[in-house]
There are 2 protein chains.
Amino acid sequence: MSDATTLARAPAEPRKRDAEATRAAILNAAKGHFARLGYDCAVLRHIAQDAGVDVALVKRYFGGKEALFVEALKASFLADGMRAWDRATFAQEIAITLADSPHVDEERTHRFQFLLRAATSPTTAPLLNVLIQDRFLEPIRAWLGGADADARARVLAASYIGFLVERLVRGEALEGRERRVFIDRVSAIFAGLMTVSDGPP
Amino acid sequence: MSDATTLARAPAEPRKRDAEATRAAILNAAKGHFARLGYDCAVLRHIAQDAGVDVALVKRYFGGKEALFVEALKASFLADGMRAWDRATFAQEIAITLADSPHVDEERTHRFQFLLRAATSPTTAPLLNVLIQDRFLEPIRAWLGGADADARARVLAASYIGFLVERLVRGEALEGRERRVFIDRVSAIFAGLMTVSDGPP
DNA sequence: CAGCTATGTCAACACGCATTGACTTATCTC
DNA sequence: GAGATAAGTCAATGCGTGTTGACATAGCTG
């Protein structure tokens, strides 16, 4: 396998010299690998190979693995934030996505998987607190609005992550009645968190 | 640091020769390390050192890292299952625990962290499907009972895992009003999942 | 075209880890 | 008490990884 790939890759394209482009290619490959494998299991060599460049370039452009990780994490979150979700369909839409297979949605949930992997790796968890607050919790909080938005955002974010994990280990879409009930229950939870509480002000 | 511990440990106790005991010590240390660090970041040498034995013994008694992991995982789940929770206070109790710092509860949630870490490591995730079904989802399902217990158990388990992650990255207890609202919302979710649906049979 | 600089390549190094087999010694049996 | 066997120790090996600096060359600049 190893010699096959080596031989196949070698004479392909001498690769145009373009700093911007290769930097972007590395970053892009890194996002995927970190999201799929987490910091500890991701391998620089594989990332580089995926981007079609030499490993040494990640040092030149990013300085090291950890720096690359931080950069990729930021870039992943820059994407769209808590964009204009339709409040009427939000809960249902998310629930359906979560009932599906993890593979149908890879593009959109990549950044959340990234977050999940980062949060559960003991190496990277310490780097997260600020980013979580600023780019994850805060947008959700703002989008939710109303009283106690901070606590509600916390619960919403946590549940979401949990469903993400569940979908990850489940590996395939839910079917039939279980799927329907799952969607109902999950969307009920999200919907409940969108409404402001009945408690004292 | 290294020489200090080495010197301190060396002349302490020559360690009685007891296969059962050392095997148990290794397993016990392993449970803690795997739960805290996950499979990939856990280090056999540290586990052995923690158990007060030589690394070579984990090979003798378990065969290798992966085998030790599986053993520890099983042992962790054997503990008590979904034991006799009081249905009246269940939701509230869990919510309070989740609002607290992850450190106050280490003993009881160790096995769930173990599960979480195992589920989110790409190396060990494949080993989990059966165990998840048999020793995690199924007990919850049985405890919940009623219609659509499988789907509800799924949602309950997923939410719980999510809250666990949130508490993990939060690192400290919630305080004041945010804490109260958090507890209310979370226990509402769990309570909701305990009641059988209003949908069609 | 000559020469310079940014860009890309290569081969090694250092380190941590799991694994392994040969060696030592306690504990038990006859 | 002598010998056997289980229990524990030690040092070394091999592999994968991040990192690094020396080297090659494309593409621009004068």
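So that the names make sense, note that chain A is the first sequence line, chain B the second, and so on, each numbered from 1. Here the structure is a predicted model, which means the values were calculated and not measured.
- Residue B:Thr22 places no side-chain N or O under 4.0 Å from the OP1 or OP2 atom of D:dA7.
- By the 4.0 Å N-to-carboxylate-O rule, A:Arg179 lies too far from A:Glu175 to be salt-bridged with it.
- For A:Lys59 and D:dT20, the shortest distance from a side-chain N or O to OP1 or OP2 is below 4.0 Å.
- The distance between atom NZ of A:Lys65 and atom P of D:dT19, rounded to the nearest whole Å, is 8 Å.
- Summarising the geometry, the separation between CD on B:Gln49 and P on D:dG8 is reported as 17 Å, rounded to the nearest angstrom.
- Remark: the backbone N or O of A:Arg154 is not paired with any side-chain donor or acceptor of A:Arg141 at under 3.5 angstrom.
- Going from atom CG of B:Asp134 over to atom NZ of B:Lys74 covers 11.0 Å, rounded to the nearest 0.5 Å.
- Put simply, CZ on A:Arg45 is 15 Å from P on D:dC15, counting in whole angstrom units.
- Distance, A:Leu57 CG to C:dT9 C1': 8 Å, rounded to whole Å.
- When rounded to the nearest whole Å, the span between CD of A:Glu20 and P of D:dG27 equals 17 Å.
- Residue A:Ile26 contributes atom CD1, which lies 14 Å from atom P of D:dG18 at whole-angstrom precision.
- Residue A:Ala56 is in base contact, counting any heavy-atom pair closer than 4.0 Å across all strands shown.
- Nucleic acid contact class of A:Ala42 (heavy atoms, under 4.0 Å, all strands): sugar-phosphate only.
- A:Phe62 places its CZ atom 18 Å from the C1' atom of D:dT20, with the value rounded to the nearest Å.
- A centroid separation of 6.0 Å or more is found between the aromatic rings of B:Phe112 and B:Phe163.
- Both B:Asp54 and A:Tyr39 lie near DNA chain D, and the one whose nearest nucleotide falls closer to the 5' end is B:Asp54.
- Nearest nucleotide to the side chain of A:Arg17, out of C:dG8, C:dT19, D:dT19: C:dG8.
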Next item on the list: Any chance you could lay out the salt bridge (charged side-chain N to carboxylate O under 4.0 Å, His left out) test for B:Arg23 and B:Glu71, step after step, and finish with the verdict?
Entry: CA-CA 11 Å; B:Arg23 199 191 133 94; B:Glu71 204 83 2; 3.1 Å; yes

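- Across all strands, A:Leu44 comes closer than 4.0 Å only to sugar-phosphate atoms, never to a base (heavy-atom distances).
- As a whole-Å value, the separation of B:Leu68 CG from C:dT19 C1' is 14 Å.
- At the heavy-atom level, B:Val55 lies under 4.0 Å from base atoms of the strands shown.
- Taking the nucleotide of DNA chain C with the nearest heavy atom to each of B:Arg60 and B:Gly64, the more 5' of the two is matched to B:Gly64.
- Considering only side-chain atoms of A:Val43, the nucleotide from D:dG18, C:dG8, C:dT20 that sits closest is D:dG18.
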